[in-house]
Amino acid sequence: MRCSLPPHRDVLSFKTYAEYEAHHNRTHMNRCVECDKNFPSEHLLNVHIEECHDVFAAVKRERGEHTYSCFVEGCDRKCRTPQKRRSHLIDKHMYPKNYFFAVTKEGVDGRQSLLLEGGHRRRKSSMTSNGSGPKSTGRRQSIRQTEPSKSGIEESKTETSKKVSSPVEARDTEMEDLAGAMSALQFVPMSVRFGHRKGKTGFARQ
C-alpha cells in the first residue's frame with residue numbers, strides 16, 4: 001500500500017492495509033481544503049475553519065462577539081479571545097498548561113505530540129520578580145530615616161516649649177528683682193520715730 005496524498009513530498013509505502021488505514025486516519029482525515037493543514041479531530045478542524053476561514057465569524061469577532069469555540073466536543077462555550085479559551089480549558093476541562101493551544105491555527109503537521117517540549121515554565125517566585133528583598137531593605141532604610149526626623153520633631157517641640165516658657169521665666173525674674181528693690185526702699189523717713197512724748201501717742205517728728 002502506498003500514499004501519495006499531500007502534504008507528503010515523497011510516496012510513502014506501508015506493509016499492511018492496517019498501517020495504511022491508521023496513517024490515513026491520522027494524517028488525511030481532518031485536513032483543511034483551504035490551507036492544507038491537518039488536525040487531530042473533525043471538531044478541531046471545524047473550529048479551525050470557523051476561526052481562520054469563516055467570513056461571518058470574522059465580522060462577529062470585529063464586533064466584539066465571542067467566536068472562539070471550546071476544544072471539547074459537546075461544550076457550547078465560546079470565548080472572546082484565545083487567552084480566555086485557554087483559561088477555560090485549563091480550569092473547566094483540566095487541560096495541561098503545556099498543551100499546544102495553537103493547534104486550531106497551525107495544525108499538527110510535523111508534530112509528534114500536542115504537548116509543548118520542556119513542559120510549562122513556571123513564573124519566577126514573587127521574591128525575585130517583585131523584588132521583595134530590596135523593598136524590605138528600602139523599608140528598613142525608610143524607618144531609619146524617619147527615626148531621626150521624629151527625634152528632630154521632639155527636639156523642635158522642646159525648643160518651642162522653652163521659647164514659650166522663657167517669657168514667663170523672665171517675668172518671674174523681673175518680679176523678684178522688683179520685690180527686692182521694693183524691700184530695700186524705706187517708706188518711713190528717718191526723722192520720724194514712734195513712741196510716747198508728753199502724754200501723746202503716735203509718732204513724732206524729731
Do you know the tightest heavy-atom contact between [X] and [Y]?
| X | Y | result |
| --- | --- | --- |
| F101 | P96 | CZ-O, 3.6 Å |
| V47 | C70 | CG2-O, 4.2 Å |
| L45 | F39 | CD1-CD1, 3.6 Å |
| V103 | P40 | CG2-CD, 4.0 Å |

Quick check on the hydrophobic clustering: are M29 and V108 connected, directly or via other members, by side-chain heavy-atom contacts under 4.5 Å? no
Residues, nucleotides or ligands: over 12 heavy atoms within 6.0 Å of E19 CD: yes
Above 12 or not: heavy atoms from other molecules or residues under 6.0 Å from CG of D91? yes
I'd like to know if the side chain of N30 reaches the main chain of E42, judged simply by a donor and an acceptor atom lying under 3.5 Å from each other, with no hydrogens or angles considered.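 Yes, because the side chain of N30 sits within donor-acceptor range (under 3.5 Å) of the backbone of E42.
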Output every pair passing salt bridge (Lys or Arg N to Asp or Glu O under 4.0 Å) with a member in residues 47-65, not counting sequence neighbours, ordered by first then second residue.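 Sorted pair list: E50-K78, E51-R85.
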With rounding to the nearest 0.5 Å, note down the distance linking OG1 in T104 to NE2 in H43. 9.5 Å
Would you give the length of the straight line joining atom OH of Y68 to atom CZ of R86, rounded to the nearest 0.5 angstrom?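 Result: 15.5 Å between the selected atoms.
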Ring of F100, cation from R111 - is the NZ or CZ under 6.0 Å from the centre and inside 45° of the axis?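 Ring-cation test returns yes.
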Mind running side chain to side chain contact (heavy atoms under 4.5 Å, CB included) on L89 and Y99 for me, showing each step along the way? CA-CA 10 Å; L89 291 170; Y99 183 81; 5.8 Å; no
What's the verdict on salt bridge (charged side-chain N to carboxylate O under 4.0 Å, His left out) for D109 and R31, showing C-alpha distance, side-chain angles and the deciding distance? CA-CA 10 Å; D109 290 324; R31 187 166 293 279; 3.2 Å; yes
Is there a side-chain contact between [X] and [Y], using heavy atoms and a 4.5 Å cut-off?
| X | Y | value |
| --- | --- | --- |
| Y95 | V72 | yes |
| H66 | K84 | no |
| S13 | M1 | no |
| C75 | H88 | yes |

Working for side chain to side chain contact (heavy atoms under 4.5 Å, CB included), residues H53 and C35: CA-CA 9 Å; H53 306 297; C35 60; 3.6 Å; yes
Evaluation steps, side chain to side chain contact (heavy atoms under 4.5 Å, CB included), between H48 and L44: CA-CA 6 Å; H48 161 76; L44 290 179; over 6 Å; no
What orientation do Y17 and Y20 show, parallel under 30°, tilted 30 to 60°, or perpendicular over 60°? tilted
